[in-house]
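Residue numbering restarts at 1 for every chain, and letters A, B, ... go by the order of the sequence lines. Being a predicted model, the structure only gives us computed values, none of them experimental.
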Protein chains: 2
Amino acid sequence: MSRSNPRVLSTLERAGGFASAQEVYRLMQREGESIGLTTVYRSLQSLVSDKIVDVLRRDDGEAIYRMCGGAHHHHLVCKGCGDTVEIEGGAIEKWAKTIASEHGFKDVGHTAEIFGLCPKC
Amino acid sequence: MSRSNPRVLSTLERAGGFASAQEVYRLMQREGESIGLTTVYRSLQSLVSDKIVDVLRRDDGEAIYRMCGGAHHHHLVCKGCGDTVEIEGGAIEKWAKTIASEHGFKDVGHTAEIFGLCPKC
DNA sequence: TCACAAATGAAAATGGTTTTCATTTCCATG
DNA sequence: CATGGAAATGAAAACCATTTTCATTTGTGA
């Protein structure tokens, strides 16, 4: 197992808590930090599985990492500019639980995302 | 420029209007259609820019294409055996619409998937 | 100091997607 | 019918983010 390199988290914070692995890597290089791309990826993965950061996808498929508040939430994503808003998913939680138990499923989780065009786009 | 190959659209329809380029390609091959992967990608891109299909991303970054407009459904997926059940998403539709309009978003779509362990697993 | 686990990173592998380019298919015109 | 150019096609190569491999370094407890 590998633990997160703290400089990665601090760089992500400094980047506004919103950057791709490649961007974090380039940023650290530009600042003279000695680190390998592999370590950046591993640290980000570890931060994700520890729920310290959230991962989502740009339109081109590149993963972007973002510091997030603790509670489980969903995203409203703009198809135009990629802007995202964290949203509550109360209704979804109930829906998922209901449907799952109707079909006898246990140990249930879910994903949900809403996308559209934001007012600016 | 290239126009969409109609067999690509028809295959996407047959797939339930929800598949990746690779899946459409494999499906067409399995059905004996002679087509290249390049053409599948080009056709899907063209369908997207014509707003006939929508594109979004799986968690692993793979692009999935979906017919917009046609009735869509969601999936209940077993983490154990991969079995999937198609489900209605009435509650979700409303939730997505409400949340989106609260934030001034237009042209709204959504994804949602429930996963868990089916009775057999 | 010694030994062993964890961390690191360079390089190679992976895999979806895009680009290149030579070839084939269409189709309007003479 | 030609025939000439535009559009479509697809095999192979290029691309690029991400993951894996593996040899090396670092840290730590005995």
Side-chain angles (χ1 to χ4, degrees), chain A residues 1-12 15-67 75 77 79 82 84 111 113 115, chain B residues 1-12 15 17-67 82 111 113:
Chain A
M1 279 292 103
S2 100
R3 199 89 47 68
S4 157
N5 181 318
R7 290 174 297 153
V8 169
L9 179 56
S10 116
T11 304
L12 182 59
F18 208 147
S20 73
Q22 306 276 346
E23 284 164 357
V24 169
Y25 175 65
R26 283 194 289 270
L27 196 53
M28 293 180 77
Q29 293 230 308
R30 214 175 304 133
E31 290 174 353
E33 302 243 31
S34 165
I35 195 166
L37 183 55
T38 314
T39 302
V40 172
Y41 273 106
R42 271 196 291 244
S43 293
L44 288 171
Q45 280 169 347
S46 156
L47 289 167
V48 168
S49 73
D50 290 349
K51 314 230 154 109
I52 294 167
V53 313
D54 231 5
V55 58
L56 45 141
R57 297 272 168 182
R58 291 222 181 100
D59 274 357
D60 66 356
E62 192 172 359
I64 52 182
Y65 299 87
R66 174 201 229 206
M67 321 224 19
H75 292 111
V77 185
K79 289 189 282 195
T84 64
T111 55
E113 219 165 356
F115 50 91
Chain B
M1 276 298 100
S2 95
R3 202 87 50 64
S4 158
N5 180 319
R7 291 174 297 154
V8 169
L9 180 55
S10 117
T11 304
L12 182 58
F18 208 150
S20 72
Q22 306 275 346
E23 284 165 358
V24 169
Y25 175 65
R26 283 193 289 269
L27 196 53
M28 293 181 78
Q29 293 231 307
R30 214 174 304 135
E31 289 173 355
E33 301 243 33
S34 166
I35 195 165
L37 183 56
T38 314
T39 302
V40 172
Y41 273 105
R42 271 196 290 243
S43 293
L44 288 171
Q45 280 168 348
S46 155
L47 288 167
V48 167
S49 73
D50 290 349
K51 312 232 155 107
I52 294 167
V53 313
D54 238 4
V55 58
L56 44 141
R57 295 272 169 181
R58 290 224 181 99
D59 275 357
D60 66 355
E62 192 172 359
I64 52 183
Y65 300 87
R66 186 173 83 167
M67 324 227 12
T111 56
E113 219 164 358

Is a side-chain N or O of [X] found less than 3.5 angstrom from the main chain of [Y], in a donor-acceptor match?
X	Y	answer
A:Ser46	A:Arg42	no
A:Asp50	A:Ile52	no
A:Thr11	A:Val24	no

What is the separation between atom [atom1] on [X] and atom [atom2] on [N], rounded to the nearest whole Å?
X	N	atom1	atom2	answer
B:Arg7	C:dT25	CZ	P	13 Å
A:Asp59	D:dC16	CG	C1'	17 Å
A:Arg3	C:dA7	CZ	P	5 Å
A:Glu33	C:dT8	CD	C1'	15 Å
B:Ile35	C:dT24	CD1	P	18 Å
B:Leu44	D:dT9	CG	P	13 Å

Taking only N and O in the side chain of A:Asn5, is any of them less than 4.0 Å away from OP1 or OP2 of C:dT8?
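Yes.
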Nucleotide-resolved protein contact map, nucleotides 11-23 of chain C, B/S/- at heavy-atom distance under 4.0 Å
B----SBBB----
For residues B:Tyr25 and B:Gln29, is any side-chain donor paired with an opposing acceptor at under 3.5 Å?
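Yes, side-chain donor-acceptor contact under 3.5 Å.
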Could you tell me whether the side chain of A:Leu12 reaches within less than 4.5 Å of the side chain of A:Leu44, counting heavy atoms only?
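Yes. Closest side-chain heavy atoms under 4.5 Å.
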Pick one: which of B:Thr38, B:Leu37, B:Thr39 meets side-chain contact (heavy atoms from CB on, under 4.5 Å) with B:Tyr41?
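Option passing the side-chain contact (heavy atoms from CB on, under 4.5 Å) with B:Tyr41: B:Leu37.
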